[in-house]
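Report on the structure given below.
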Amino acid sequence: MAERAPTNAEIVRALEAVVALMEIRGDEHYRVLAYTRAAESVANHSGSVAALDDPKSLPHVGGTTSQFIADLVEGRMPPVLDELMEEIPRSLVEVTRLPGVGPRTAGRLWKELGVTSVEEVAALDPEEIGKLKGFGKKSAEKIVAAAERYDATERRLLLDDATAIGEALLAFVRSHPSTDRADLAGSLRRGKETIGDLDLVAASTDPAALSDAFAGADFVREVVAHGPSKVSIKVDGPRRSPDDLVDVDLRIVRPEAYGTLLHHFTGSQAHNIVLRERAVKRGINISEYGLASEATGGEPEPVATEEELYERLGLSYIPPELREDAGELRAAENGTLPDLIETGDIRGDLHVHTNYSDGKGTIRSMAEAAIELGYEYLVFCDHSQSLRVANGLSPERLARKLREVREADEEYDEIRLFCGSEVDILKDGSLDYEDALLAELDFVVASVHTSFGVGEKAMTERIRRAMNNEHVRTIAHPTGRVLNRRDPYEVDVQALIAEARATNTALELNAYPDRLDLKAEHARAAVEAGVKLTIDTDAHDESALGFMRFGVAQARRAWVEKGNVINTLPLREFEAYLKAGK
DNA sequence: GCCGTTTTCGGCCCGACTGTTTTCAGTCG
């Protein structure tokens, strides 16, 4: 037995390692695909896979892959992975990440030139590669150049940056005279927590003209590919430096085929594949150009909207955020898709900061920004006393702030203002204010900001203890991760969900683009367990109140409905919830 | 390797673009 059961993410990493190495070895495509799908299935599972009685209950996990998972759970190295790592240098996997280099090329560079790493590719003379059959001067130079500028630190775009860049590009596409419709597609449209590259789709009466205009626009830093219906370019990333470029794809079709195009490039790829397989069984072939069947003589018949596409397949409309091959097809067949929460359902923000601690806004400026958003209530939760780096409030300053919130509340008819605290959960699980003080506040958010490295057992106990405090209504950013900067601390999220349910404590889905914590799989597990969520921006200035849309997008990916979220309650009901206690 | 409203065997989504090719493999999404 292993010391600790592997997390879903660890199982996924092991399966993906098999995929990468098998591809290099040149294993049969469908064998590799099976491991790919098993990895996706584990990643999409909301509960702990290690805790399942039989992993075969997961879709795309059969006898072999379930044994693979069982080996990991019991602390054994799965033989297939052992064998692959014995045979193939692990560092070759990185070579396949070079743009334009896939597993076939990496495998040949290794077998025919003895190259095992990106560094060794960069050190190659392009002429050596050019001597290999099927490689010319151009591709040889491209491969070496890609290796030379390869940056191993994977950096993905946060949602706010991706949205800003994407919307600017979209405005350009929409402004072209031949454009009929255009949208952002891909993972940004699905609301994924981070974005690798941007996908745009357009319906145009003159695709070639739009393609040329896009490839020639002044924001283009590099043209990667340029055809009559597809353009791939690089544009400046958020850091606007030469080594911070973002890949962008634009696909263009005639207006009548827009529905299937938008659908195709929204993905996910896994969703598209299962949807298309299902269609093939019914004699229909789906492509971005439409639906083809015997009845259409094998030619694609265009479909103008996504709604019509799903309808023609006998399915209810599946929102983009659910398109992950995570059970949405079955739900669409049965008419049991969730009625997903929308940004407009949010009635207030329960976790915002002011200049009393480390925020930039004042009580009144934040209140006025919240009024602009149409909120019915706003809860100020500044940091507590021990968090000195964030100018945490002493009991005296908290008392002063409480008075000011009460005064400001009198001044605004449009909104109710509440005074809360984001109170630190100290190392031993006690809270950073006395209970008597917490009792005076309207709402208490508790969270961990220090001593991240205490280990899973201690961290889980620490947060569970905080949940058992009668004043603590929600746990903010429950896993502490900061995207691109800091991994989550070790904590047993399943145990937190169980304790949240037992103590009637909510869990926060923090909408800040670099947190988005809980992540979607955990948020889904929480609502499945009957735990309520709060979706809060943790705003430190007025504009950050607008991050709510990113939190809602993540909640939608977690199959969350309005009724699962505390701050969708109308003011009267929210007040009743406050009054009722835990 | 997985899967079954034609199947326990024989299938497995579909197409654009590039480079090096005279018909296609590899990569990408």
Side-chain angles (χ1 to χ4, degrees), chain A residues 15 18-19 22-24 26-41 55-56 58-69 80 95-109 129-130 132-143 146 185-188 190 195-201 207-208 211 215 223-233 247-253 257 260-261 263-292 298 300 313-314 325 333:
Chain A
L15 287 164
V18 171
V19 169
M22 276 186 175
E23 280 184 324
I24 293 169
D27 281 30
E28 203 245 338
H29 171 66
Y30 292 107
R31 186 180 184 215
V32 182
L33 183 65
Y35 280 90
T36 307
R37 296 179 132 188
E40 286 167 353
S41 205
K56 271 208 289 293
L58 296 172
H60 309 302
V61 174
T64 307
T65 47
S66 71
Q67 183 56 50
F68 182 97
I69 293 169
V80 63
V95 176
T96 68
R97 299 207 185 105
L98 295 173
V101 178
R104 313 290 304 191
T105 305
R108 288 194 59 197
L109 293 176
I129 301 179
L132 302 182
K133 192 166 163 20
F135 289 85
K137 185 163 181 278
K138 212 163 171 178
S139 44
E141 282 171 358
K142 255 174 112 166
I143 290 169
S187 51
L188 184 55
R190 301 201 312 280
I195 306 299
D197 56 16
L198 294 169
D199 294 297
L200 287 89
V201 295
S211 167
V223 176
V224 180
H226 177 192
S229 68
K230 176 186 167 177
V231 190
S232 297
I233 60 166
D247 293 308
V248 181
D249 289 324
L250 171 66
R251 277 297 306 268
I252 311 160
V253 291
T260 32
L261 176 74
H263 182 269
H264 177 70
F265 280 93
T266 296
S268 67
Q269 194 164 342
H271 172 86
N272 288 355
I273 289 172
V274 292
L275 188 75
R276 287 169 182 205
E277 284 177 351
R278 184 180 175 280
V280 166
K281 289 185 186 122
R282 290 161 175 72
I284 302 169
N285 290 79
I286 308 173
S287 77
E288 57 264 53
Y289 297 108
L291 302 186
L313 297 170
D325 185 25
E333 279 171 4

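Here the structure is a predicted model, which is why all the values come from computation and not from measurement. Sequence lines set the chain letters: A, B, ... in the order given, protein chains first and strands last, and positions in each chain run from 1.
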State, to 0.1 Å, how close A:K56 and A:G62 come at their nearest heavy-atom pair, and which atoms those are. CG-O, 3.6 Å

Please state how far atom CD1 in A:I143 lies from atom C1' in B:dC28, giving the value in whole angstrom units. 15 Å

Using the C1' atom as the point on both nucleotides, what is the distance between B:dG10 and B:dT18, in whole Å? 34 Å

Check whether any side-chain N or O of A:T64 sits under 4.0 Å from OP1 or OP2 of B:dC2, and answer yes or no. yes

N/O (side chain, A:R276) to phosphate O (OP1/OP2, B:dC13) under 4.0 Å: no

Using a cut-off of 4.0 Å on non-hydrogen atoms, how would the nucleic acid contact of A:Q269 be classed: base, sugar-phosphate, or nothing? base

Give the nucleotide from the list B:dC14, B:dA16, B:dC3 with an atom nearest to the side chain of A:H264. B:dC14

Classify A:R251 by what it touches in the nucleic acid, base, sugar-phosphate, or nothing, heavy-atom distance under 4.0 Å. sugar-phosphate

By nearest atom, which of the nucleotides B:dG29, B:dG1, B:dC12 is closest to the A:Y35 side chain? B:dG1

Gap in Å between the two C1' atoms, one belonging to B:dT6 and one to B:dG11, rounded: 12 Å

Mind checking if A:L98 touches a base, just sugar-phosphate, or nothing, with heavy atoms under 4.0 Å? sugar-phosphate

Check whether more than 12 heavy atoms from other residues, nucleotides or ligands sit under 6.0 Å from atom CZ of A:R104, and answer yes or no. no

Under 4.0 angstrom, heavy atoms only, what part of the nucleic acid is A:V61 near: base, sugar-phosphate, or nothing? sugar-phosphate

Please report the distance separating the C1' of B:dT5 from the corresponding atom of B:dG1, rounded so that it comes out in whole Å. 24 Å

NA contact type, A:G63, heavy-atom cut-off 4.0 Å: base, sugar-phosphate, or nothing? sugar-phosphate

Please determine whether a side-chain nitrogen or oxygen atom of A:N272 lies at a distance below 4.0 Å from atom OP1 or OP2 of B:dG29. no

Pick the P atom in B:dC17 and in B:dC13, then give their distance to the nearest Å. 22 Å

Is there a Watson-Crick or G-U wobble partner for B:dT8 with both distances under 3.5 Å, and which nucleotide is it? none

Between B:dC3 atom P and A:D325 atom CG, what is the distance in whole Å? 11 Å

Take the protein atom CD1 of A:I273 and the nucleotide atom P of B:dG15, then report the distance between them rounded to whole Å. 14 Å

Would you mind telling me which of B:dG1, B:dA16, B:dC13 lies closest to the side-chain atoms of A:Y289? B:dA16

Does A:N272 reach the side chain of A:H263, with side-chain heavy atoms less than 4.5 Å apart? yes

Are the ring of A:Y30 and the base ring of B:dC2 both nearer than 5.5 Å at their centres and tilted by less than 30°? no

Atom CZ of A:R278 and atom C1' of B:dC2 are separated, to the nearest Å, by 19 Å

What is the separation between atom CG on A:L15 and atom C1' on B:dC2, rounded to the nearest whole Å? 14 Å

Between A:T105 and B:dT27, is there a contact of a side-chain N or O with OP1 or OP2 at under 4.0 Å? yes

A:A185 and A:T266 have their tightest heavy-atom pair at CB-OG1, 3.8 Å

Can you find a side chain N or O atom of A:S268 that sits less than 4.0 Å from OP1 or OP2 on B:dG29? no

Would you indicate what A:K133 reaches in the nucleic acid, counting non-hydrogen atoms under 4.0 angstrom: base, sugar-phosphate, or nothing? nothing

If you check the A:R104 side chain, which of B:dC2, B:dC17, B:dG26 turns out closest? B:dG26

Please work out if A:H29 contacts a base, only the sugar-phosphate, or nothing of the nucleic acid, heavy-atom cut-off 4.0 Å. nothing

Contact nearer the 5' end of DNA chain B, comparing A:V32 with A:G136: A:V32

Let me know the distance between CZ of A:R282 and C1' of B:dG4, rounded to the nearest Å. 12 Å

How far, in whole Å, is B:dT22 from B:dC28 if one measures between their P atoms? 23 Å

For B:dC2 and A:T65 - does any side-chain N or O of the residue sit under 4.0 Å from the phosphate oxygens OP1/OP2? yes

Using the C1' atom in both, what is the distance from B:dT27 to B:dT20, to the nearest Å? 14 Å

Between A:T96 and A:K142, who's closer to the 5' end of DNA chain B by nearest nucleotide? A:K142

Non-hydrogen atoms of A:V95 and A:A106 that approach each other most closely: CG1-CB, 3.9 Å

Return the value, rounded to whole Å, for the distance between atom CD of A:E277 and atom P of B:dT7. 18 Å

Side chain of A:S229, heavy atoms from C-beta onward: which of B:dA16, B:dG29, B:dG15 has the nearest atom to it? B:dA16

Within the 4.0 Å heavy-atom criterion, would you say A:V274 contacts the bases, only the backbone, or no part of the nucleic acid? nothing

Could you state the CZ-P distance from A:R108 to B:dG26, rounded to the nearest angstrom? 8 Å

When you check the side-chain N and O atoms of A:H264 and A:S287, is any donor under 3.5 Å from an acceptor? no

Can a side chain N or O of A:S232 be found less than 4.0 Å away from OP1 or OP2 on B:dC28? no

4.5 Å side-chain heavy-atom contact, A:P59 and A:S41: yes

Closest to the side chain of A:A34, out of B:dT27, B:dG1, B:dC14, is B:dG1

If we only count heavy atoms from C-beta on, is the A:Y35 to A:V80 side-chain gap below 4.5 Å? yes

Side chain of A:R31 - closest among B:dT27, B:dG29, B:dG1: B:dG1

Given A:D325, A:T65, A:T36, the one that forms side chain to side chain donor-acceptor pair (under 3.5 Å) with A:H60: A:D325

Nearest to the side chain of A:E288, which nucleotide is it out of B:dG15, B:dG19, B:dG29? B:dG15

Base, sugar-phosphate, or nothing: which does A:I286 touch, judged by heavy atoms less than 4.0 Å apart? sugar-phosphate

